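Below you'll find the structure I mean.
Each ligand, and each atom within it, is numbered from 1 in the order the structure gives. All values derive from a computational prediction rather than experimental measurement.
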Amino acid sequence: MKIFTEQSELKKEIELLKSQGKTLGLVPTMGALHKGHLSLVQRALDENDALVVSIFVNPTQFNNPDDLVKYPRTLERDVALLKTASDDILVYAPAVEDVYEDKVESVEYDFDGLEHKMEGKFRPGHFDGVGTIVKRLFEIVTPDNAYFGEKDFQQLAIIKKMVEKHNVPVNIVPCEILREDSGLAMSSRNVRLTPEYLEASPFIYETLKASKIKFGTESAKDVMEWVESQFKNHPLLELEYFVIADINTLETIDNKKENTLYRAFVAVYADDIRLIDNLALN
Ligand code: PAF
């Protein structure tokens, strides 16, 4: 396991690997790694000759300063967890200055409107921050393949759009959501849930699954209203949004069209912890 804090050193190692004709995978993370990340790491190890895992809590994608401060930082534990997958991983764990030099700010992107919906609506500037860091990581690491979880489905769509619009030579590999036995989607934020909220949280996936069944016979609008009423009656979880959207445009729909794939997207507050999840509906 080699840990790099400076991109200049990492780039030397990558140059060497590339000169040997090795393929390179990248799993970008913000640390606080869990089994969901490990499944991406395992897939990337299987599909590439070498692997970089970046661990960097990116300040420009946090619209809420409190969320940035409270985001868990567990580098030692993360490295130990990565070692359980392989000792042959290059970890890039830079300080903010190594990535942003003296200007900690986002590039403004046009993602053809994908950035204004759902997460973009509730977290202004978030996707400019994501686009900025991911593009920068792609430039530093120059991976052949980069792996992203479908829990952040909108992020994945935006990264695909960025790669397409800016002709970035990297293959984006979407990876399925991993869930706890309770159904709760794995997330670095879950470690902050108190036992009370942890016990309540499976309600999110239960409601998503129920909405999928309802979507078989009811209009999207009716399903959305039903979900809203479920959360209104919930004593702990506060719904920020629930929408049913076309998976390609991320446009919210009221009524379904034929030959179109839809997903349900949800964002919920469990106390001050924001949880997101999504589920394919057809
Ligand atoms: O999904 C995440 O953990 C982050 O948004 C990412 C892609 C690592 C960029 O900071």
Original post:
Are side-chain N/O atoms of Y100 and E105 paired as donor and acceptor at under 3.5 Å?
Top reply: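 Checked: Y100/E105 side chains show no N/O donor-acceptor pair below 3.5 Å.
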Original post:
Centroid-to-centroid, F127 to Y109, below 6.0 Å?
Top reply: no
Original post:
Could K256 and F215 be counted as a cation-pi pair, given that NZ or CZ must be under 6.0 Å from the ring centre and within 45° of the axis?
Top reply: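 Satisfied, under 6.0 Å and within 45°.
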**OP:** Decide whether an N or O pair under 3.5 Å exists between Q61 and ligand 1.
**Re:** yes
Subject >> Atoms of ligand 1 close to P28 [distance to a heavy atom under 4.0 angstrom, numbered from 1] >> reply: 8 (C)
Subject >> Charged tip of R189 within 45° of Y71 ring normal and under 6.0 Å >> reply: no
Original post:
Taking only heavy atoms of I133, which atoms of ligand 1 are found under 4.0 Å from at least one of them?
Top reply: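 In order of numbering, the contacting atoms are 9 (C), 10 (O).
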**OP:** Establish, yes or no, whether a centroid distance under 6.0 Å links the rings of Y92 and F56.
**Re:**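 No; F56 has its ring centre 6.0 Å or more from that of Y92.
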Subject >> Closest approach of any protein heavy atom to atom 3 (O) of ligand 1, naming residue and atom >> reply: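 The protein heavy atom lying closest is M30 CG, 3.7 Å.
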**OP:** Establish, yes or no, whether a centroid distance under 6.0 Å links the rings of F231 and F242.
**Re:** no
Original post:
Of all the non-hydrogen atoms in the protein, which one sits nearest to atom 1 (O) of ligand 1, and at what distance?
Top reply: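 For atom 1 (O) of ligand 1, the nearest protein heavy atom comes out as Q155 NE2, 2.9 Å.
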**OP:** Compute the shortest N/O to N/O distance between N58 and ligand 1 and return yes if it is under 3.5 Å, no if not.
**Re:**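 N/O-N/O distance under 3.5 Å: no.
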**OP:** With heavy atoms under 4.0 Å as the rule, classify the contact between I159 and ligand 1 as side chain, backbone, both or neither.
**Re:** neither
